[in-house]
Amino acid sequence: MNDTTDDRLIWELTGWDADERPAHVTELSREEILRIRDLFDRRLPPAGEDEWLACAAYEVPHDLQLQVLAPVPRLEFKPGLEYFVEGAVLSD
């Protein structure tokens with residue numbers, strides 16, 4: 001899956017609250033992922049490079065949020081939430 005551009009991939013930016021519940025979810029497009037994916041360390045999954053940010057949840061700490069907003073200004077980061085970018089493959 002690491003090299004795929006499969007149309008079944010989806011992505012979300014999720015802000016989790018203190019009770020570990022998703023409190024703010026924004027869907028991301030393939031084009032937006034292309035703009036931000038180089039900001040993350042994609043070597044984390046055991047399989048190697050995660051080309052499409054689909055194999056792990058990638059934290060967006062406060063100091064990275066401005067860098068994410070520059071290429072995707074429509075995003076919003078709410079105070080008090082912990083944010084992650086994560087991809088998934090839709091089932092058939």
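These numbers come from the heavy atoms of this one structure, side chains and all, not from hydrogens, waters or symmetry mates. We count residues from 1, following the sequence as given.
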Report task. Output the rest of the hydrophobic cluster of Phe84: all Ile, Leu, Val, Met, Phe, Trp and Tyr residues reachable through side-chain heavy-atom contacts under 4.5 Å, sorted by chain and number. Result ->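 Once heavy-atom contacts under 4.5 Å are chained together, Phe84 belongs with Trp16.
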
Please round to the nearest 0.5 Å and tell me the distance separating atom [atom1] of [X] and atom [atom2] of [Y].
{"X": "Gln65", "Y": "Leu13", "atom1": "CD", "atom2": "CG", "result": "8.5 Å"}
{"X": "Leu53", "Y": "Glu86", "atom1": "CG", "atom2": "CD", "result": "10.5 Å"}
{"X": "Arg35", "Y": "Ile33", "atom1": "CZ", "atom2": "CD1", "result": "10.5 Å"}
{"X": "Glu27", "Y": "Thr14", "atom1": "CD", "atom2": "OG1", "result": "10.5 Å"}

Query - Cation-pi check, Arg37 onto Trp11 ring (under 6.0 Å, within 45° of axis) - result: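 Judged by the rule (NZ or CZ under 6.0 Å from the ring centre, within 45° of its axis), Arg37 is not positioned above Trp11.
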
Query - Qualifying residue for side chain to side chain contact (heavy atoms under 4.5 Å, CB included) with Leu75, from Ile36, Val60, Thr26 - result: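 Among Ile36, Val60, Thr26, the one meeting side chain to side chain contact (heavy atoms under 4.5 Å, CB included) with Leu75 is Thr26.
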
Requested in this report: Find out if a path of hydrophobic residues (ILVMFWY) with successive side-chain heavy-atom gaps under 4.5 Å connects Val25 to Leu9.
Outcome: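 Each belongs to a different hydrophobic cluster.
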
**Report entry** Inter- and intrachain pairs under salt bridge (charged side-chain N to carboxylate O under 4.0 Å, His left out), touching residues 71-84, at least two apart
**Finding:**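 Of all non-adjacent pairs touching residues 71-84, those that pass salt bridge (charged side-chain N to carboxylate O under 4.0 Å, His left out) are Glu32-Arg74.
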
Requested in this report: Name all pairs fulfilling the salt bridge (charged side-chain N to carboxylate O under 4.0 Å, His left out) condition that reach into residues 58-71, sequence neighbours left out, sorted by first residue then second.
Outcome: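 Residue pairs with at least one partner in residues 58-71: there are none.
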
Query raised in the report: With sequence neighbours excluded, what pairs up with Phe77 under the ring-ring contact (aromatic ring centres under 6.0 Å, His included) test?
Result: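 Once residues adjacent in sequence are excluded, the partners of Phe77 under the ring-ring contact (aromatic ring centres under 6.0 Å, His included) criterion are Tyr83.
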
Query - Results of side-chain contact (heavy atoms from CB on, under 4.5 Å) for Glu20 - residues two or more places apart only - result: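 In terms of side-chain contact (heavy atoms from CB on, under 4.5 Å), with neighbours along the sequence ignored, Glu20 is linked to no residue.
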
Query - Sequence-distant partners of Arg21, salt bridge (Lys or Arg N to Asp or Glu O under 4.0 Å), two or more places apart - result: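 Scan of Arg21 (salt bridge (Lys or Arg N to Asp or Glu O under 4.0 Å), adjacent residues dropped) gives Asp17, Asp19.
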
Query raised in the report: Taking the side chain from Arg8 and the backbone from Val89, do they hold a donor-acceptor pair closer than 3.5 Å?
Result: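 It does not hold such a pair.
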
